[in-house]
Amino acid sequence: MATAFTPGCKIRITAKGLELLKQESLKFVEEELENITIPDLSGKEGRFQYTINNVRITELNLTSSDLRFQPDFGLVFEVHNSSISLNFMRRIFYWFFTDAGSINASAEGVNIHTAVRLSKDSLGRLKISNISCDAAVGKMRAEFSGTLRRVYDLLATFITTGMRFLLNQQICPVLNNAGLVLLNSLLDTVPVRTKVDKYVGIDYSLLSDPVVTSENLDMDFRGMFFELQNENDTLVNYAVEPVIREYDRMVYLSLSEYFFDSGMLSYFKAGVLNIRISHDKMPKDLEMLLRTSYFGTIMLLNPSFAEAPMSLELEVTTAPRCVIKPSGMSVSVTAVVSILLLPPGQEPVQLSSMTMECKMSAKVSMKGKKLALHMDLRRFKIFSNQSALESLALIPLQTPLKTLLQLAVMPIINDWTKKGVQIPLPEGMDFTEEVVENHMGFITIGANLHFSKGLREVIERNRAEPKSLTN
């Protein structure tokens, strides 16, 4: 399905990732089949009347299973030549005789073929939209116990034929429910449009149905941050579309410059990119330099202000921009730096205002499902908007201000960015052994997957808890 919106985020699940999912899926299917409810069975053959009840599955032996991609459809899960052991209670009437006991039975040659269609729903969430299932039990065997065991063997054909029919009828409904209800509740844990913090949210809605080939499953997400106060604002995506060409790891995440630019724009609009550095946080040598540099101005204002505290204000004037190249990722910031005098009991007095331009290197990292950034100041320049002469006068402040940014401002920024943002993966599934590669206009993170929680645990907890309005 075509989309007019260029994705800012892409995820690829490879055949290696599917192999890990197969292990969890097989365990999940076994748990579902163990809970099959088989109705009571009764019948009559000649003078024999029988009733079968309390049917329990005692053992599953799914010896051969497979989970694979089905091109242009989704996933196929198959079980071949497996067996199911059962135990049930019998009650048999023959003439005036009544007898009861247990029967051990086994279903052999069990084959299951389940095809799962994956698609995008109206909210942009990945969903299992359809399941086709075909199950067959090759044959049933039954072992009777009790005083009339040999007589009961005559009924084995009728009883096992009935049990085989009932078992055939129950397998697919159980698996259909497991997919459409239970596994969809797992997919509900994938963030779609959710809060990041009290300022911004992120939109991970799918732009189209997943693209499935025999080797991988690719998903295109919007990958756009938004300001919570203006949720309907949309940033047009002019960035390069991220591309994933690799298959060696279980999963790949690719993010374009648009992903990061939309985040910085949203925080800029929310007004949280402005920082005030009070005099007690300012290095003493910088404060002394500022007081000396603006001593004449202070004296002209009011000599009594000579000992008044000073502060710096950094106000970002335009949204920071991200540039990703094979050599690395950088963020450019332009801000106005105001030097303020704070006379006790009076309004702050602006001594000077200058423009600051800086470039920071940015390094992306992953921890679990959290994508985080660490930034280092690389280039720094200040100049006056008033005159070239005033810009020359600011040269002595260049090095002290850069040191101030490195010691006081960059730790604040990194404490903020290391909190990270969740990527669109289900609960209980995390990235491990990540490798980050920079490309022209986008980054790619290749990783393996790890289940920190089992499918059953996540599903049960998600069904028990109320839905979050932010997902």
Side-chain angles (χ1 to χ4, degrees), residues 1-13 21 69-77 114-133 173 175-196 200-213 216-237 241-242 244 251 253-256 258-259 262-263 266 369 421-429 455 458-471:
M1 184 185 299
T3 174
F5 197 97
T6 302
C9 169
K10 288 190 174 187
I11 287 183
R12 165 172 289 177
I13 305 294
L21 293 175
F69 294 115
Q70 179 68 42
D72 303 321
F73 189 84
L75 303 175
V76 169
F77 180 78
T114 303
V116 176
R117 179 181 288 278
L118 298 172
S119 62
K120 174 183 78 76
D121 71 4
S122 59
L123 297 177
R125 187 184 296 278
L126 179 65
K127 283 289 186 180
I128 296 173
S129 58
N130 184 50
I131 293 181
S132 62
C133 176
L175 295 184
N176 287 343
N177 178 75
L180 293 174
V181 178
L182 300 183
L183 291 181
N184 270 333
S185 72
L186 173 70
L187 294 177
D188 285 342
T189 66
V190 179
V192 174
R193 190 173 175 88
T194 183
K195 287 175 61 177
V196 174
V200 307
I202 189 164
D203 187 342
Y204 279 129
S205 55
L206 278 170
L207 299 177
S208 59
D209 290 340
V211 176
V212 186
T213 70
N216 58 267
L217 181 147
D218 288 348
M219 294 171 284
D220 291 352
F221 299 90
R222 185 178 294 267
M224 181 192 76
F225 289 83
F226 57 88
E227 185 192 358
L228 292 178
Q229 296 298 319
N230 298 283
E231 292 190 26
N232 295 325
D233 283 359
T234 300
L235 175 65
V236 180
N237 187 354
E241 181 173 346
I244 303 176
V251 62
L253 169 71
S254 191
L255 305 166
S256 73
Y258 173 82
F259 177 86
S262 67
S266 298
K369 284 188 291 290
V421 59
Q422 183 179 339
I423 60 173
L425 278 181
E427 184 181 343
M429 188 181 295
L455 293 181
V458 175
I459 289 170
E460 292 301 327
R461 192 172 82 168
N462 188 54
R463 296 180 73 195
E465 293 179 352
K467 302 285 185 183
S468 170
L469 296 177
T470 59
N471 269 1

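Numbers here simply count residues along the sequence, with the first being 1.
In this structure, a donor-acceptor pair under 3.5 Å is present between the side chains of Thr213 and Asn216.
A parallel orientation is assigned to the rings of Phe259 and Tyr204, their planes being inclined by less than 30° (bins at 30° and 60°).
Between Asp188 and Lys127, some side-chain heavy-atom pair lies under the 4.5 Å cut-off. Looking at Glu241 and Pro7, their side chains come closer than 4.5 Å, going by heavy atoms from C-beta outward. Within the 4.5 Å cutoff, no side-chain heavy atoms of Leu118 are placed close to those of Asp209.
Across all their heavy atoms, Pro426 and Thr189 have their closest contact at CA-OG1, 3.4 Å. Closest of all the heavy-atom pairs between Val196 and Phe225 is CG2-CE2, 4.0 Å.
With sequence neighbours excluded, the residues satisfying side chain to side chain donor-acceptor pair (under 3.5 Å) with Glu427 are Lys453, Arg461. Under the rule for a side chain to side chain contact (heavy atoms under 4.5 Å, CB included), the partners of Ser254 that lie at least two apart in sequence or sit in another chain are Lys10, Pro242, Ile244, Phe442, Thr444. Applying the side chain to side chain contact (heavy atoms under 4.5 Å, CB included) rule to Leu187 yields the partners Leu126, Ile128, Asn184; only residues at least two apart in sequence or on another chain are considered. The side chain to side chain contact (heavy atoms under 4.5 Å, CB included) search around Gln422 returns Pro191, Lys369, not counting sequence neighbours. Not counting sequence neighbours, Ser132 has no partner by the side chain to side chain donor-acceptor pair (under 3.5 Å) test. Residues satisfying the ring-ring contact (aromatic ring centres under 6.0 Å, His included) test with Phe77, not counting sequence neighbours, are none.
We find the CG-OG1 distance between Asp203 and Thr194 to be 10.5 Å, quoted to the nearest 0.5 Å. Atom-to-atom distance recorded for Thr114:OG1 and Leu75:CG is 11.0 Å, nearest 0.5 angstrom. The CG atom of Asn232 sits 9.5 Å away from the CZ atom of Phe226 when rounded to the nearest 0.5 Å. Asn237 CG to Thr6 OG1: the interatomic distance, rounded to the nearest 0.5 Å, is 5.0 Å. With rounding to the nearest 0.5 angstrom, the OG atom of Ser262 is 6.5 Å from the CD1 atom of Ile202. The CG atom of Asp233 lies 11.5 Å from the CG atom of Leu228; values are rounded to the nearest 0.5 Å.
With hydrogens and angles ignored, the 3.5 Å screen pairs no side-chain donor or acceptor of Tyr258 with any backbone N or O of Gly223. Side chain of Arg193 to backbone of Ser205: no donor-acceptor contact under 3.5 angstrom is found. In this structure, Arg125 contributes its side chain and Val190 its backbone to a donor-acceptor pair below 3.5 Å. Distance alone, capped at 3.5 Å, places no donor-acceptor pair between the Asp220 side chain and the Leu207 backbone.
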Full working for side-chain contact (heavy atoms from CB on, under 4.5 Å) between Leu175 and Ile131: CA-CA 9 Å; Leu175 295 184; Ile131 293 181; over 6 Å; no

Candidate pair Asp121 and Ser129, rule side-chain contact (heavy atoms from CB on, under 4.5 Å), full reasoning: CA-CA 8 Å; Asp121 71 4; Ser129 58; over 6 Å; no

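Counting non-hydrogen atoms of other residues, nucleotides and ligands closer than 6.0 Å to CG of Asn230 gives a total above 12.
For the side chain to side chain contact (heavy atoms under 4.5 Å, CB included) with Met219, the qualifying choice from Val212, Ile11, Val211 is Ile11, the only one to do so.
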